[in-house]
Amino acid sequence: MILNTSSLNCIAFPDWAYKPESSPGSRQIQLWHFILELLQKEEYQSVISWQGEYGEFVIKDPDEVAKLWGLRKCKPHMNYDKLSRALRYYYNKRILHKTKGKRFTYKFNFSKVVLVNYPLLDMASSPFLLQNHFNGGSAAPDCSPVTPEVRKEERRK
DNA sequence: GTCGGAAAGA
DNA sequence: TCTTTCCGAC
């Protein structure tokens, strides 16, 4: 295939995540955005990194991630317990879901994130598509189950 | 560890 | 609206 192993290290991070905000709604830095930011930098690979399937990441050092997040938000008492609660609120929004059975492991719903935040994105220029193709190119490989809860959330927005 | 309700904060 | 804080339940 076209992709070599070295490119795999940094590929799972499309440019759209750089954009500070898009749709009218986001003001402050968002947690999922911050996570993506850490994921994008090699210097944090011992703290948090992509692992497993596309979109899946592992928090190797929960305390450190919480500390960094607390620093960014000026919340000196941040910890993983509270950070993870914020992540759990993403489940219904279908930005993230839990990879069950794997400790500290979550998975991004890139399709959802893109659709919601960057509807006019030129997909062709994003490595996201490339990777998707690499995995077999199924249309929506990482959709969270659509529970009634989710639908409720969807309607509310 | 993980989940999700409840309430308060920015 | 998106967390932050607290916490009982599993």
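The structure displayed is predicted, hence computed values, not measured ones. Every heavy atom of this structure was used, including side-chain atoms; hydrogens, water molecules and symmetry mates were not. Order of the sequence lines fixes the chain letters, A, B, ..., with proteins taken first and strands second; residue numbering starts at 1 for each chain.
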Aromatic centroids of A:Tyr54 and A:Phe110 separated by under 6.0 Å
yes
Residues forming a ring pair (Phe, Tyr, Trp, His ring centres under 6.0 Å) with A:Tyr80, sequence neighbours excluded
A:Phe104
May I have the distance from A:Arg85 (atom CZ) to C:dC7 (atom P), rounded to whole angstrom?
15 Å
Rounding to an integer number of Å, can you tell me how far A:Trp32 CH2 sits from C:dC2 P?
11 Å
How many Å lie between NZ on A:Lys102 and P on B:dG1, as a whole number?
18 Å
Atom-pair distance (OH on A:Tyr89; P on C:dT5), nearest Å
13 Å
Rounded to the nearest angstrom, tell me the gap between atom CG in A:Leu87 and atom P in B:dC3.
10 Å
Tell me which nucleotide among B:dT2, C:dT3, B:dA10 gets nearest to the side chain of A:Arg88.
B:dT2
Whole angstrom value for the distance that separates P of C:dC2 from CD of A:Gln30
6 Å
Would you tell me if any nitrogen or oxygen in the side chain of A:Lys82 comes within less than 4.0 Å of OP1 or OP2 on C:dT5?
yes
Please report the distance, rounded to the nearest Å, between CZ in A:Arg103 and C1' in B:dC3.
17 Å
Length of the CD-C1' vector between A:Gln28 and C:dT1, whole Å:
12 Å
Ranking C:dC6, C:dC2, B:dA7 by distance to the side chain of A:Lys93, first place goes to C:dC2
